Participant: 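Quick one: structure below, then a few questions.
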Amino acid sequence: MTRAHMLAWCAAAALLGATSLQIAHTARAADSPDSERPYTIENGHIDRATFRGYLYYGDACLRCHGPDGSGSSYAPSLVDSLKRLSKQTFEETVINGRMNVGTANDKVMPSFGTNADVVEHLEEIYSYLKARSDGAIGRGRPKKIGETDD
Amino acid sequence: MNVTSRFAAWSVAATASAVLLAGTALANDQLVKMSQDPAQWVMPTGDYGNQRHTALKQINTGNVKELRPVWTFSTGVLRGHEGGPLIVGDVMYVHTPFPNKVFALDLNDQGRIIWAYEPKQDPNVIPVMCCDTVNRGVAYGEGMVFLHQADATLVALDAKTGKLVWSVKDADPAKGATGTSAPQVVKNMVLVGVSGGEFGVQGHMTAYDIKTGKQIWRAYSEGPDDQILFDPAKTTNLGKPVGADSSLKTWEGDQWKIGGGATWGWISYDPALNLVYYGSGNPSTWNPTQRPGDNKWSMTVFARDADTGVAKWVYQMTPHDEWDYDGINEMILANVKVHGKDTKALVHFDRNGFAFVLDRASGALLQANKFDPAVNWATGYNLQTGLPERVKQYSTEAGGAEHNTKGICPAALGSKDEQPAAFSPETGLFYVPTNHVCMDYEPFKVAYSAGQPYVGATLSMFPPKGEKHLGNFIAYDVNEGKIVWSDPETFSVWSGALTTAGGLAFYGTLDGNLKAVDAKTGKELYKFKTPSGIIGNVTPFEHGGKQYIAVLSGVGGWAGIGMAAGLTEDTAGLGAVGAYKALSNYTQLGGVLTVFGLGD
């Protein structure tokens, strides 16, 4: 882990504000989606931070969770997941990963804790998926505020 | 068509190789002989030429409508089932995606399980696999079955008992290297490639001693000459020696060390020339602005000496890739007429949408034409320089990072992916399962971290302008370099094809149908809806004097990513609304082998 990664990871961990164990426990007890809307939409265009979330989703998440967070044949739709999960649970899952392996399942979410691009853009990725989940933006590439319609 | 029959060609080849290589060629000779027996299917590619043709003709254009499933076998695994079974004597060997089970089934007893093998693997390998946990099948030789596990371990199993004979770690999943490809037995060696182009691996092909698993040679796709096994004076590119540092000169700094060029496709072998052929995949990352240079030898056809691994010739199809057009698709070795001239050809239907025809002895480029008219990133190839004539509008490099380049055809999954085509010596035509999908592509800067995705681009996929179907099954003629007929399919055709001496071409569809068409006309003669979408390869065999057709269904893979929820409305407004049908409305997960036969 480079120093930059280390710092990024620490920042993310601090941001979570609790140990992962506590979060997991809280999450299971009563997890519900956040009502906060971290994105800004103007005339159907999104803010730049949320757009960056769209890009980095494509880097780290699309391979499994499909284009636009819509899910694939083996990983859940995050558009659906964020209707149930809190921001805390989302971030905890991305950083620490999750494993569900048994006779009927072979689902493994890797830990992205050492991935600088994901850690640094975690809030943005969440914002993008939250906007998708809330139905604020549709499928495909969202347009940035200030970008021309064509 | 003046095509030498496959049997005659290969027995000549086998004889020649036996003379040249007496002593070391025993395993090879036995396997070549077995591959000539149409009752069996002893290599993942069917034969060394990767022709995927059977001389069996009991099932033919006249009676195929009476075909029906005669027995089925559930693998108990849900993920995408690529590849197909082997048939060796009275035993069928069936493999699965992770956890990579192998079953030996008794053909004398309706598929009773003789033995089952399931490796213990760390499940942390699952998310390091790009695009599902697929596996493309096992290889056979010297009484052993060879399995390339997801965790990049190659194991040899006793074909009679399933007991482990030897095991070797080919690469490190902690660095993003995984195993998905089928090994190939060549002479006294087992050859195996590696996956991980989306994780910045340094791709390699490795030969292991068939008896012990000891490494004989390893050839990287990029790096110094001693790592890529190039002889600067003798290794040629389009007839000219490549010179020193042919790879290093095309990368900035140390980028070649995480340069991709994974080798996850099929391996062909010409016993007469003693050359093995395979392709390398995309350079890492997908962001072209981050890796200046031609990025050699990613996206390359390699012809290597089987004994030493030293490259005889190379040809890079997509220098400095800008679209993820991996060059790993199968190399079909066939003796055909090209522009009227008898040619010992290597024919390769590349992801980038061009069908490459090369002289497989010299590596000369003879033809490179589009096999999907939608292809637009290049207008054609200069056969002298071997370079594509690129269209700037579709260059993701020209647009720069964080610029969305629109309407590129084909999409990143290519006009064709790993699903192998077939060649029929009877018709002289190639039968190609294709994707008919375009994309918008937006590269951006990413950082490398070992074992983490190193992609650096995002994309949206959609059908070509004004069209509703996402795939075609085509017949292609390399003599004239053109499509002969094209059968549209609702979804990409992601199943390996098979042609038969009964005048048929078989393939599977993503919505789960096994189909048989007339090889001459493409007319559909039979279809049967199997339990799940088909991304496996159609496999023929004969048992007790009867011909059978086997295929794995079990949707998944890249196809399961892009299409599970349906494709997106494209930003350029090119697509047809009717095409956005979700595959999940047609089929669900589940690995099942279905064996078809005629009634009594």
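Every value quoted in this text rests on a predicted model; they were computed, and no experiment measured them. Below, read A as the first sequence line, B as the second, and so on, with proteins coming before strands; counting in each chain starts at 1.
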Participant: Is the backbone N or O of T114(A) less than 3.5 Å from a side-chain atom of S449(B), with the two atoms forming a donor-acceptor pair by type?
Facilitator: yes
Participant: Is there a side-chain contact between P453(B) and N115(A) (heavy atoms, below 4.5 Å)?
Facilitator: yes
Participant: Can you tell me how far NE2 of H121(A) sits from CZ of F444(B), rounded to the nearest 0.5 angstrom?
Facilitator: 9.0 Å
Participant: So which of L589(B), N287(B), V446(B), T285(B) has the largest heavy-atom pair count under 4.5 angstrom toward chain A?
Facilitator: V446(B)
Participant: In Å and rounded to the nearest 0.5 Å, what is the CD to CG distance from E402(B) to L55(A)?
Facilitator: 5.5 Å
Participant: Within the structure provided, determine whether D59(A) and W286(B) are in side-chain contact (heavy-atom separation under 4.5 Å).
Facilitator: no
Participant: Atom CD1 of I535(B) and atom OG of S73(A): how far apart are they, to the nearest 0.5 Å?
Facilitator: 7.5 Å
Participant: Is the shortest distance from a Lys or Arg side-chain nitrogen in R141(A) or D440(B) to a carboxylate oxygen in the other one below 4.0 Å?
Facilitator: no
Participant: Given heavy-atom pairs under 4.5 angstrom as the criterion, report whether the side chain, backbone, both or neither of E198(B) touches chain A.
Facilitator: side chain
Participant: Atom OG in S111(A), atom CD in Q452(B): separation rounded to 0.5 Å?
Facilitator: 6.5 Å
Participant: Would you say Y74(A)'s side chain and D132(B)'s backbone share a donor-acceptor pair under 3.5 angstrom?
Facilitator: yes
Participant: Distance from M109(A) atom CE to I126(B) atom CD1, nearest 0.5 Å?
Facilitator: 14.0 Å
Participant: Between V101(A) and chain B, which part of the residue has a heavy atom less than 4.5 Å away: side chain, backbone, both or neither?
Facilitator: side chain
Participant: Does a side-chain heavy-atom distance below 4.5 Å link Y54(A) with T458(B)?
Facilitator: yes
Participant: Please flag which part of D106(A) lies under 4.5 Å from any non-hydrogen atom of chain B: side chain, backbone, both or neither.
Facilitator: both
Participant: Are M99(A) and N124(B) packed together at the side-chain level, in the sense that at least one heavy-atom pair is separated by less than 4.5 angstrom?
Facilitator: yes
Participant: Which distance, rounded to the nearest 0.5 Å, do you find between the CG of N404(B) and the NZ of K144(A)?
Facilitator: 9.0 Å
Participant: Within the supplied structure, the quantity of interest is the number of heavy atoms (other residues, nucleotides, ligands) at a distance under 6.0 Å from E118(B) CD; does it exceed 12?
Facilitator: yes
Participant: For F51(A), which atoms come within 4.5 Å of any heavy atom of chain B: side chain, backbone, both, or neither?
Facilitator: side chain
